[in-house]
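Following: one structure in structure tokens, then a few remarks.
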Amino acid sequence: MTPQPGWILVVDDDAEVLDALQCVLEDSGFEVRTASNGVRALESLRRESPGLVLLDLMMPVMSGAEMLERMRGDESLKRIPVVIASAWPEQAGAIRGAQATLRKPIDLDELIALVTRFLRAPR
């Protein structure tokens, strides 16, 4: 699957974070879909490929690190850009396969700039 510019999969187990990020990103003109854990996110990715995944690390069922590892090992998912959103950027920095990291709490201007950079970049 080729990443499709314009939509983002936000993966986080905190419903308030999911809602807030979805609102901010949609208000900025992006289509957003959400998943509450890595298993649900992978199920979504196997149906349709986004232009970007915004991924929390600390989640039940399947952690963000495990999800990213599975994505990078899957030919159909490995080209999708991933941005890790974490309260522990040092931990996030040690995880291979992500294109960028955002520190939680997320600076909304930084989020929009980063998302725009990835989704507007030529493929």
Side-chain angles (χ1 to χ4, degrees):
M1 282 185 253
T2 302
Q4 298 172 8
W7 78 274
I8 304 156
L9 178 62
V10 180
V11 188
D12 199 302
D13 62 317
D14 185 321
E16 290 180 14
V17 170
L18 279 179
D19 289 344
L21 291 173
Q22 184 170 13
C23 286
V24 167
L25 291 167
E26 286 178 346
D27 285 350
S28 296
F30 297 102
E31 180 183 345
V32 178
R33 297 181 197 154
T34 63
S36 59
N37 63 57
V39 170
R40 289 189 175 152
L42 286 174
E43 289 169 356
S44 177
L45 291 174
R46 287 192 172 90
R47 287 189 304 271
E48 190 175 6
S49 182
L52 180 69
V53 173
L54 183 60
L55 180 62
D56 182 29
L57 287 180
M58 305 300 290
M59 296 183 292
V61 184
M62 179 187 292
S63 72
E66 184 179 349
M67 181 188 150
L68 181 57
E69 183 179 328
R70 289 187 185 194
M71 284 180 68
R72 295 308 179 230
D74 184 321
E75 277 300 315
S76 66
L77 304 177
K78 72 180 185 180
R79 289 179 196 82
I80 300 170
V82 175
V83 173
I84 293 175
S86 177
W88 300 278
E90 305 78 27
Q91 180 185 15
I95 295 173
R96 295 175 48 136
Q99 280 66 40
T101 303
L102 285 170
R103 181 182 189 89
K104 284 184 174 180
I106 295 173
D107 177 287
L108 299 181
D109 291 331
E110 183 181 0
L111 170 67
I112 298 305
L114 189 61
V115 168
T116 300
R117 186 180 95 209
F118 279 103
L119 292 182
R120 303 285 189 255
R123 301 245 175 243

Contact check, side chains of [X] and [Y], non-hydrogen atoms, under 4.5 Å:
X: E110; Y: L102; result: yes
X: L114; Y: R117; result: yes
X: L45; Y: D74; result: no
X: D14; Y: D56; result: no
X: V82; Y: M67; result: no

To the nearest 0.5 angstrom, please state how far the [atom1] atom of [X] sits from the [atom2] atom of [Y].
X: L108; Y: S28; atom1: CG; atom2: OG; result: 8.5 Å
X: Q99; Y: I80; atom1: CD; atom2: CD1; result: 10.5 Å
X: L54; Y: L111; atom1: CG; atom2: CG; result: 6.0 Å
X: N37; Y: D13; atom1: CG; atom2: CG; result: 8.5 Å
X: Q22; Y: E31; atom1: CD; atom2: CD; result: 10.0 Å
X: L18; Y: T34; atom1: CG; atom2: OG1; result: 5.0 Å

D12 with K104: basic N within carboxylate O range, under 4.0 Å: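 Result for this pair is yes, salt bridge flagged.
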
Lys/Arg-Asp/Glu bridge criterion (N-O < 4.0 Å) met for K78, E75: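 Looking at K78 and E75, the cut-off is met.
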
[X] to [Y] - nearest heavy-atom pair and separation:
X: F118; Y: V83; result: CE1-CG2, 3.9 Å
X: A41; Y: V11; result: CB-CG2, 3.6 Å
X: L57; Y: S86; result: CD1-OG, 3.9 Å
X: I106; Y: A85; result: CD1-CB, 3.9 Å
X: G64; Y: L55; result: O-CD2, 3.3 Å
X: L77; Y: R72; result: O-NH1, 3.6 Å

CA sep, side-chain torsions, deciding dist, call: E43, R47, salt bridge (charged side-chain N to carboxylate O under 4.0 Å, His left out): CA-CA 7 Å; E43 289 169 356; R47 287 189 304 271; 5.1 Å; no

Main-chain N/O of R40 paired with S44 side-chain donor or acceptor, under 3.5 Å: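 Pair absent, no side-chain N/O of S44 close to backbone of R40.
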
CD (E66) with more than 12 external heavy atoms under 6.0 Å: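 Atom CD in E66 is crowded, with more than 12 foreign heavy atoms closer than 6.0 Å.
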
